[in-house]
Trainee: 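The structure is given below, and queries will be raised subsequently.
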Amino acid sequence: MKKFKFSSQLIYRFMRIGLMPLMLITAFTGTLYANHVKGQEVLNRKISLVAEQKEVKAILSQLSKIADIKFVYSAQRIPCRQKVSLRARDESLGSVLDGFLEPLDILYYVSGEQIVLMRKGDDNGEFILPVKESDKAVNPEFSAAKVITGKVTNEAGDPLVGVSVIVKGTARGTTTNAAGVFSISAEPGETLDISIIGYKLNSIKIGDASTLSIQLQPEIAGLNEIVVVGYGTQKRTLVTGAVSSVSGKTLNEIPVISISQALQGRVPGVQVTSNGSPGTDPIVRIRGISSITYASNPLFIVDGFPTGNLATIDTKDIESVDVLKDASAAAIYGSRATNGVIMITTKKGRRDSKMRVSLDSYFGTQNITKRLDLLNTDQFKQYAIAYRGSQVPRLLPPYIDQPVNTGAAQTYGQTNTNWQDAYFKKGSMTGHNIGLSGGNDISRFYASAGFTDQKGTTPTVAYRRYNFRINSDHNIGKIFTFGENLYAAYGDQAYDNNETGSRSNLVNVIRMMPHMPVYDPTSNGGFRGVNSTLDGGDPTNPLEDAILKNPGRRTTAKILGTAFLEINFTKWLKFRSTFGVDYANALDYRFSPIFNDNGAIAGSSATLATITNNRNVSTVLLYTEQLSFDRTFGNHHVNAIAVYEQQSQNTRQENASGNQASNDLKTLNNASNISAQTLLGENTLLSYVGRVNYDFKGRYLLSGAIRRDGLSVWAPGKKWATFPSGSIGWRIDQEQFMSQIKGISELKLRAGYGVTGLNGTVLGNTPWLVSVNANSAYYPFNNATSAGASSSIPGLGNQDLNWEKTKQFNIGLDLGLLRNKFTVSLEYYQRKTDNLILSVPLPPSFGYINTTVPQNVASMQNNGFEAQLGYSGKAGEFKWNASANLSIITNQVTRLADGVTNIEAGTDADYGNNSITNTAVGQAVQSFYGWQTEGIFQNAAEVASHATQVAGVAGTAAGDLKFKDIDKNGVIDNKDRVFLGSFIPKFTYAFNLGANYKNFDLGVFFQGVSGNKIYNATRVITEGMIRFFNSGTQVLDAWTPAHTNTNIPRAILSDPNGNARTSNRFIEDGSYLRMKNIMLGYTIPGASLQKMTKGVVKSFRIYLSAQNLVTFTNYTGYDPEVGNRTPSSNLTNGIDFAVYPQPKAFQAGIQATF
Amino acid sequence: MKKHIYKLMITVLLIFISILSCNKKLDVLDKNNPTTESYFKTAAELQNGVNSIYSILRGGGLVAREWFFTHDMRGGECASGGAQLEAPRAELLKQPMPAPSNSVMSSVWTGTYEMINRANLVLNKAPGVTDNASLRDRLVGETKFLRAWAYFELVAQWGDVPVYTEPVNSATGFKGKSPAADVYALIIADLTDAVAKLPASYSPADNGRATKGAADAMLGKVQMQKGDYAAAKAALLQVYGKYALVDNYQWNFDGDIVAEDGNGTVLTVGHEFNAESIFEIVFVDRKDNNFNWGYNGEGSTSPLASVRCQEYGITWGNVIPSDHLLNEFEPNDPRYKFTIYEEGDQILTQTATPKTLVAADMNIATSIKGAVVMKRFFRKYNIYDYLNSGFHTSGLNQRIIRYADVLLLLAECEAETGTVAQATSYINEVRKRPSVNMPLVAPANKNDALKAIMHERTVELGAEEVSSFDLLRWRKKGYFPSIIADPVPNQAALFPIPASETSTNPLVK
């Protein structure tokens, strides 16, 4: 008995001349492997049959009925009419066939629900693939065509096995055998399509020759790559806009919570800046800053659904991210696309009838190792005398010898708290994701469950998420496809409510006196606060603040579900209707207890517990009706879509707070001083979208899109606007004259222009409308707390408020060399917004509490250049790749409102009480602005001969800073301020190196910015000496008559000379280069793994990775990656109010498939 | 084609369903607030509008915080408590003229204009309110009083300022500066109208609203500052005899609270809205140790307290009495101990035992009275329990005008335009208060009378935010140094227009 187990070496020759019309090809070699298991199932079917001297044909026909299978064979090669006998009683089909066919020299194998028969010796040419019902009508005995035999080789001339050969437009096909040889019947004039994955398709028209020799060229990397472009996909080679893609694999190299963090450094033109403690979403900017008043956040689209709450999306579920950067690409999202669009595509199952189970799991730690040099207790004593002229009472008898708390042995004099060490802690991170996927021709699915837990490096801060996903789609017959994506996530964020702003907990870490203990077991609450009289200043204990007074918890439940029905009218015309819901329910809860920290400053105690309970529910509904057309007419290929879309959002905010007289009561039930408020919000966007992509011979590309958006947030009459775009491309590599130039595998020139808008919802739901603040305050007539309800009109409305439109021009070049081993992509763009919506500051004499009114008045321009380079190489088993990207942006404000000369921001009494940034025409947005220093006064004569430093005050003395008298009027005043640089880097860059050797893989990822300035406001705290607190050790280097060789001005009460005013003293170069990630992985070899696990585990990779191991920078603050810590202003980027340094993190992880 | 019909039907159906449900959805209005068109139609709503002017007045940008700083830092009666005094306040204290960007000064500018705009809205809407004409007219009177108060703060400190008499309804509704004389004319017209429309008193529930007496007294103050002493006297005489000095000087500053020690013994009883009080700003301490730092008085549950006791108290200790004020007190003037706490004083605590103040308890600089250097701080407007811990706000009502002030203003008017004898009589009325009971004065001539008035205003009204205007008035008359030395020499007469105004209003440079 001999049975053929299917293997790649075995290619069955079956037919000769004229046996062609039997078959239909639905799958290639890969599929055949897949069917093996199923084949066994078929062969195990039980058969009972008795046949005496029947024709083979008749027996096969009977077996076919009994076993519910089909036999495929050629009547000319199989002895159909030979009579044989067969007896089978409850035997497996396999053994029946073995016994019945072996004597006839017939081999068989199973393909799906079909069994293919062939004569021995025919096994080196064609084989027959499953037959479609409709083709069975063809007479199997028909014969006419000639036999073509051929050999297929690769670029090196070696035979290629398993190459599919199909007669174009027919159901005939075969594959090559072990020698790379095939034979197939075809008529002259017909075309053979010869294809195998990894090589370019080769089409050969049959002529007179009956033997062919075909050399396949390797597929050029990336050419078949599909790019998500909004309302559809496009082959990368045909894209004419500026689109960058990142794979899910790349994104998941770094264990982060949010997709936006994962994008850092991955895409040229996309700048991601960390903005706070671990877990806080970073600032994402595509191609610079486009707005003065509003955050320039890009639009995030998850599987076609514009959504927020990105921290709740598990990055492990992401298949790819495509960033639409220029207007011609992004304009399909019209009114919301000014700041670019980030398209996130989640995973789907494959249609290969295989179930995949993947497990991805890691754990790790993170730690902040950077420390500033702060004063210890001895140094603090020294500084107190220098600054105040006297010691703080606490460090004098009798206090200095008193125990830090009743019953403690340690005295204040003996205490030396390192507040940084006390504050920063080791964080941990762990993540698990199990994914299941599979599918066949009818259905496919991807399902996953994930768990992420990060504990931050500062007190309280942590994030935990549970998430579940099911993506599936189903073909219902040939016409309908139904699919749905369902995502549910529960995020639980513990946060520190005093993390932002200018007196954040990290600032208090710097300011806390080293002679103070962190804890006090005798206090109510367990922490210890300062007494400003005894300790000389009033910092808040940062651990107390974070752990006891201000911890908050934000829990978000998010459900994002979409379902679609697709109707395939014809191969080239489809209609798809999508409906989706994005529901997020966020509860923000804070409990600030009754406590008393035995200190004596504001916030040292509370006699009532305060409970804050804010809920924010958002429901977004989306309908999309889309008609897609895709057809080729000769050399013309047209892809067009028409879309109607409707997206509406309803929000409900429920804010409540109140007091309880006991720490045991955690709710507002029967609380006192209850304040409750509910707010409803609603907005709707209606859109009509059209796009046509046209190419001629795949060589000349033309694309045009138009979107008409109606948005409820605008005033009546201003609701609709149209956003057109167009782009062209020329694939020069497809030209005849390029075929001579072998080195160039890809060369494409692109240009596009488009108009995009600012997402109006950032302005609120009715920004043009002013309402009455009814009963919004009280005046306590007769000392009654709820008397005198007061109503007022808070601001001005603007009925003329209109869509903000940005015009963008983009030109790009894609170049691939040496079969795309080396790739280059270059972009140049200009973005200009003429009717930029500015919150125009109103004169205070208008008397409105809302001090600004939005108007379309300003104008801004961003020009930029981007480059992306890639290289991949191979030497034996060593493979490596390198990629790099670079982005250069210049920003300029070209107009502000009439009467508004400039907009200053960043004023803060703790930081010198001068503005820090200035937005003025001709400058980059929010450039740093202040005085210029020119050394230190060494003696009174120098003071006298220099311009007066502070008008009317004789506070300047030797040791103070000299400020430059720019206008030479003898007085240093506001007019002597100059622009001191911008927070916008001159360029940002990143590079990534990857290597594989045998089963090892290594990746290193660097990311950097260059040429930006940081206003190091942390140094105002550590060495500015405006008010008295603990400080940096720099203050010990302050100027004194005996110590004149220094750049630190004298220590003097209250800084009468304004040494700490905004000046170039605190401006630093913010350039840095950071090793963002390094990763080493080892994959256990497949064979040994299969053996070890008896085939259960298919692949197993183990890796170690580390983030932020090395940072090269001259910046002296905690971290050069400075975001915006003043949530109320968009004009304070790059001011370092003590940013949380990026932690060094280490992980170990496994990735396994089953 | 036939087989496609059902596909088409489904398509059309889907499109129909989705389009059906839209278009009107673009008409979204604010569901959370009444519209400007629908509101301010009734007298009750108009009263809420008037209350919102009071609400600004008691906000942190004005009387609860920044307003008393602008006056006290410029009035010569206060000094810095130490390095903790924040820069913009120190700038007001120490510099002849603050920078245009000074945030304290700008807050007062902003706050007064917020009052004005809200007042203008009420006056604009009042004619349309018909459901209660008498209430409406009273409200118009209150509004005009408050608008006049605001414009008086502006014109006295800045001189020429923009004048708005209608609510601003366009982003380009800029006004340039009007001459100070025009501003005064508007204030006087407003107060005259307020006098006509306001009642002499209210039922207790409305305690705190402007009265006819308040309008008369304000009118007197305004006329004096303008230099028309005759008109001032006429106005002030309308108040004379209608109010009275309370026997205990301290009752002007002891608040509305009934403070108890731990054992139920009453330590103090408040005396707000008393016979001496002509107009006061009402504060209430909700005991949640909270302050409305937001400056604008908004927020339906925001604290209604003043932060003055904290700013001038011993834990923050930003402001202490100036040596000038300390040394102005005659020996044994009981008002010294009513105004100032110093080392060695007994201070009430929340237990039965008072606490003796020692230097180490006080986070403040020392001051010099005579030759005695020690730590001293304001008792006036402080809260009546020993508080060296944490943060406390106060519910003490801020007197804007009290009868003692009116008497001394009348004395000044008499000295300027009437008889020295009558001026002396008014001064001595103040000195004869039972709890004060200082020897009577007998100035020989006008300058002596003025000197006595200057002294009496300082010790009677010390740190009550009247001296800064007094100094401006007297400086203009050239009384420094002919009568006394200027307590704040070299001070510029007027504030600069805030930078926040000049950078946004093209008509004001």
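Note that the coordinates shown come from a computational prediction; the quantities given were computed from them, not determined experimentally. The chains referred to below are lettered A, B, ... by the order of the sequence lines, with proteins before strands, and numbering in each begins at 1. No hydrogens, no waters, no symmetry mates; every other heavy atom, side chains included, goes into these values.
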Trainee: Which bit of B/Ser170 comes within less than 4.5 Å of chain A, counting heavy atoms only: side chain, backbone, both or neither?
Mentor: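 The answer is the backbone of B/Ser170.
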Trainee: Between A/Asn782 and B/Asp206, do the side chains contain a donor N or O and an acceptor N or O under 3.5 Å apart?
Mentor: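 Note: B/Asp206 and A/Asn782 side chains miss the donor-acceptor criterion.
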Trainee: Is the backbone of A/Tyr778 close enough, under 3.5 Å, to the side chain of B/Arg58 for a donor and an acceptor to pair up by distance?
Mentor: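 At least one qualifying donor-acceptor pair exists.
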Trainee: Can you tell me which portion of A/Phe579 sits under 4.5 Å from chain B's heavy atoms? Options are side chain, backbone, both or neither.
Mentor: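 A/Phe579 has no heavy atom closer than 4.5 Å to chain B.
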Trainee: Counting heavy atoms not belonging to B/Lys125, are there more than 12 under 6.0 Å from its NZ?
Mentor: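 Yes - once you tally the heavy atoms of other residues, nucleotides and ligands closer than 6.0 Å, there are more than 12.
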Trainee: Would a 4.5 Å heavy-atom cut-off, applied to side chains only, mark B/Leu304 and A/Pro780 as touching?
Mentor: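 When only atoms from C-beta onward are counted, A/Pro780 and B/Leu304 do touch, with a gap below 4.5 Å.
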Trainee: In this structure, are over 12 heavy atoms from other groups packed under 6.0 Å from A/Lys975 atom NZ?
Mentor: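 Counting neighbours around NZ of A/Lys975, 12 or fewer heavy atoms of other residues, nucleotides or ligands fall under 6.0 Å, so no.
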Trainee: So do the side chains of A/Ile793 and B/Thr36 get within less than 4.5 Å of each other, counting heavy atoms only?
Mentor: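 Heavy-atom side-chain distance check passes, below 4.5 Å.
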Trainee: Is the shortest heavy-atom distance from the side chain of A/Leu842 to the side chain of B/Thr504 under 4.5 Å?
Mentor: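 SC-SC contact between A/Leu842 and B/Thr504 ruled out.
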Trainee: Less than 4.5 Å to any heavy atom of chain A: does that hold for the side chain of B/Ala205, its backbone, both, or neither?
Mentor: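 Contact with chain A is through the backbone of B/Ala205 alone.
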Trainee: Tell me if the centroids of the rings in A/Tyr848 and B/Tyr113 come within less than 6.0 Å of each other.
Mentor: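 Centroid distance A/Tyr848-B/Tyr113: not below 6.0 Å, so no.
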Trainee: Supply the atom-to-atom distance A/Ser791 OG to B/Leu46 CG, rounded to the nearest 0.5 angstrom.
Mentor: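 Rounded to the nearest 0.5 Å, the OG-CG separation comes to 10.5 Å.
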Trainee: Are side-chain N/O atoms of B/Asp30 and A/Ser771 paired as donor and acceptor at under 3.5 Å?
Mentor: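 Yes, side-chain donor-acceptor contact under 3.5 Å.
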Trainee: Residues in side-chain contact (heavy atoms from CB on, under 4.5 Å) with A/Asp1055, at least two apart?
Mentor: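 By the side-chain contact (heavy atoms from CB on, under 4.5 Å) rule, A/Asp1055 matches A/Ile1026, A/Asn1059, A/Ala1060.
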Trainee: Using 0.5 Å steps for rounding, measure from the CD atom of A/Gln677 to the CG atom of B/Asn32.
Mentor: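 The distance works out to 8.0 Å.
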Trainee: Does any heavy atom of chain B fall under 4.5 Å from the side chain of A/Gln855, the backbone, both, or neither of them?
Mentor: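 Side chain of A/Gln855 only, per the 4.5 Å heavy-atom cut-off to chain B.
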Trainee: Rounded to the nearest 0.5 Å, how far does OG of A/Ser792 lie from OH of B/Tyr39?
Mentor: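 Going from the OH atom of B/Tyr39 to the OG atom of A/Ser792 covers 9.5 Å.
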Trainee: State, to 0.1 Å, how close A/Ser845 and B/Tyr164 come at their nearest heavy-atom pair, and which atoms those are.
Mentor: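 Scanning both residues, the minimum pair turns out to be OG-OH, 2.9 Å.
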Trainee: Heavy-atom pairs under 4.5 Å with chain B: which of A/Thr785, A/Val853, A/Leu769, A/Leu608 has the most?
Mentor: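 Top option by heavy-atom pairs under 4.5 Å: A/Thr785.
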Trainee: At a heavy-atom separation under 4.5 Å, does B/Ile116 approach chain A through its side chain, its backbone, both, or neither?
Mentor: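 No part of B/Ile116 comes within 4.5 Å of chain A.
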Trainee: For B/Ile364, which atoms come within 4.5 Å of any heavy atom of chain A: side chain, backbone, both, or neither?
Mentor: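 Contact with chain A: none, neither part.
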Trainee: Could you pull out the closest heavy-atom pair between A/Asn974 and B/Ser101, with the gap in Å?
Mentor: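 Shortest heavy-atom contact: ND2-OG, 3.7 Å.
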Trainee: Show the nearest heavy-atom pair for residues A/Ser712 and B/Val28, with the distance to one decimal.
Mentor: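 Taking every non-hydrogen atom into account, CB-CG2, 3.6 Å.
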Trainee: Please state whether the side chain, the backbone, both or neither of A/Ser532 comes within less than 4.5 Å of a heavy atom of chain B.
Mentor: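 Interface part for A/Ser532: both.
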Trainee: Does any heavy atom of chain B fall under 4.5 Å from the side chain of A/Pro716, the backbone, both, or neither of them?
Mentor: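 Neither part.
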Trainee: Is there side-chain contact between B/Val50 and A/Tyr779, with heavy atoms separated by less than 4.5 Å?
Mentor: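 No, too far: nothing below the 4.5 Å cut-off.
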Trainee: So, do A/Leu686 and B/Leu26 sit near enough that their side-chain heavy atoms are less than 4.5 Å apart?
Mentor: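 Sidechains of B/Leu26 and A/Leu686: in contact.
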Trainee: Less than 6.0 Å separating the ring centroids of A/Phe781 and B/Tyr54?
Mentor: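 Between B/Tyr54 and A/Phe781, which both carry aromatic rings, the centre distance is below 6.0 Å.
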Trainee: Could you look at A/Leu396 and say if it's the side chain, the backbone, both or neither that has a heavy atom under 4.5 Å from chain B?
Mentor: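 Neither part.
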Trainee: What part of B/Glu280 is in contact with chain A, defined as an atom under 4.5 angstrom from a non-hydrogen atom: side chain, backbone, both or neither?
Mentor: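 Contact with chain A involves the backbone of B/Glu280 alone.
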Trainee: Side chain from CB out, backbone as N, CA, C, O: work out which of these in B/Thr35 comes under 4.5 Å of a heavy atom of chain A, or both, or neither.
Mentor: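 For B/Thr35, backbone heavy atoms alone lie under 4.5 Å from chain A.
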Trainee: Can you say whether A/Pro393 sits under 4.5 Å from chain B via the side chain, the backbone, both, or neither, judging by heavy atoms?
Mentor: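 The answer is neither part of A/Pro393.
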Trainee: So which atom in A/Asn902 and which in B/Ser503 form the shortest heavy-atom distance, rounded to 0.1 Å?
Mentor: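 Where A/Asn902 meets B/Ser503 most closely, the heavy atoms are OD1-CB, 4.3 Å.
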Trainee: CZ of A/Arg388: more than 12 outside heavy atoms within 6.0 angstrom?
Mentor: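 Enclosed: over 12 neighbouring heavy atoms sit under 6.0 Å from CZ of A/Arg388.
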Trainee: Tell me, side chain or backbone of A/Ile849 under 4.5 Å from chain B's heavy atoms, or both, or neither?
Mentor: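 Backbone plus side chain of A/Ile849, per the 4.5 Å heavy-atom cut-off to chain B.
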Trainee: Identify which part of B/Leu154 has an atom lying under 4.5 Å from any heavy atom of chain A, answering side chain, backbone, both or neither.
Mentor: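 Contact with chain A: none, neither part.
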Trainee: Checking heavy atoms, do the side chain of A/Leu680, its backbone, both or neither come under 4.5 Å from chain B?
Mentor: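 Both backbone and side chain of A/Leu680 come within 4.5 Å of chain B.
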Trainee: Nearest 0.5 Å, please: how far is CG in A/Asn783 from CD in B/Glu272?
Mentor: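 Reported value, rounded in 0.5 Å steps: 5.0 Å.
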Trainee: Less than 4.5 Å to any heavy atom of chain A: does that hold for the side chain of B/Glu501, its backbone, both, or neither?
Mentor: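 Both the backbone and the side chain of B/Glu501 come within 4.5 Å of chain A.
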Trainee: Rounded to the nearest 0.5 Å, what separation is found between the NZ atom of B/Lys375 and the OG1 atom of A/Thr533?
Mentor: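 One gets 7.5 Å once the value is rounded to the nearest 0.5 Å.
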